[in-house]
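Report on one structure; see the data block that follows.
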Amino acid sequence: MTSFDYQPRTRIVFGPGKIEALGELASELGARRAVVVSDPGVIAAGHTAKGIAALERAGIETHLFDGVHENPTTENVAAGLKLAHRYDPEVLIGLGGGSSMDCCKAINFVFSNGGEIKDYWGVGKALRAMLPMIAVPTTAGTGSETQSFALISDAKTHVKMACGDKKASCRIALLDPELTVTQPSRVTALTGIDALSHALETFVTSRRNPVSLAFSREAWRLLAGNFARVLENPHDLDARGSMLLGASFAGLAIENSMLGAAHALANPLTANFDVPHGQAVGVMLPHVIRFNAAAVEAQYHDLLHESQNGSPLPKLEGGVEGLADFVAVLLAKADLATTLRSLSIDPLKLPHMATQAARQWTAGFNPRPVTEEQFLSLYQQAY
Ligand SMILES: [Fe+2]
């Protein structure tokens, strides 16, 4: 029997057009001044303006911080903090992909607790309560809206810092599928594979428990059943809604059970070769599934039981091998690389990356313990 401690911290508001309710929701939190944190791509798509209009309609004085970059850095956080100090907001709104939401959380850490963001690297370092935050995701990916971590890169060393604290959980996640239909197809591909990997990794970690399993299972059903649909028809709003909800449920699963070896293997690929996170996790995931089968074959079979007649989910008869193949086929369908060779990874760097992978925090939660030699062998299998 597994012990757990679960308290829902984030209200989830879901539905097409729900962005129009952003002002009312912020008012319910008692806010009269808001800072919206967003990135140039999302602003160009018009989503940020919709959010700001909804806030202003509710009489909330709103200021925009538009300085978020992909893989947000300590410099982005410092610039956003400066703007927050100027306007003294009562609510922060992260409107965009994982980068905008993470940058917003990071600004909140420092605005509410002082110091600099690296002071909060790790878990539970914040002493004071934080400003209420509303997350409005425009991609179905990281699940940042429902978990309490912000990933921020050091602008000088490029080291990615995971800053987590329950106090950094968003008060509200506003999930509007209409905001996700305009994303470029490559963003749909990269974020979708990441979300799917969250469902698969959380389902088997050593920390898994009845709460995380419920979220992982439903995330898997929603994501695996709809990923091919959004790739084929980006305007399929039902499929987009399922992906968005699936990514958020996967975020809740991460919050309750952490991640595993595919994420440990992915981080060195991103740090050394700039491989985008979704691509890095995706290329390693089929190999991690095969590796983990020795410890959690029954759990994978449990997931395969979710397949129903006519659904695109992998069938039970294929077993773990079929599950790993299913991920590889989705990768190819999404026009993502399925080998490290095709990503032009220097083979001489594999041992160095294996050393780095073994040091990743998430490596410790993989259901089958992984040695540095085994990390190297997983890279070699993926080459
Ligand atoms: Fe991820």
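Atoms within each ligand, like the ligands themselves, are counted from 1 in listed order. Everything quoted here is computed from the prediction, not taken from an experiment.
The aromatic rings of H277 and H263 lie tilted to each other, with the angle between the two planes from 30° to 60°.
Take a cut-off of 2.8 Å around the Fe ion (ligand 1): the protein N, O or S atoms inside it are D194 OD1, H198 NE2, H263 NE2, H277 NE2.
Considering only residues two or more places apart in sequence or on other chains, F111 meets the ring-ring contact (aromatic ring centres under 6.0 Å, His included) condition with H85.
Side-chain contact between T48 and V36 is present, with at least one heavy-atom pair separated by less than 4.5 Å. Residues I117 and C163 form a side-chain contact, since some pair of their non-hydrogen atoms from C-beta on lies under 4.5 Å apart. Looking at heavy atoms from C-beta onward, L340 lies in side-chain contact with M284 at the 4.5 angstrom threshold. At least one side-chain heavy atom of E255 sits less than 4.5 Å from a side-chain heavy atom of K166.
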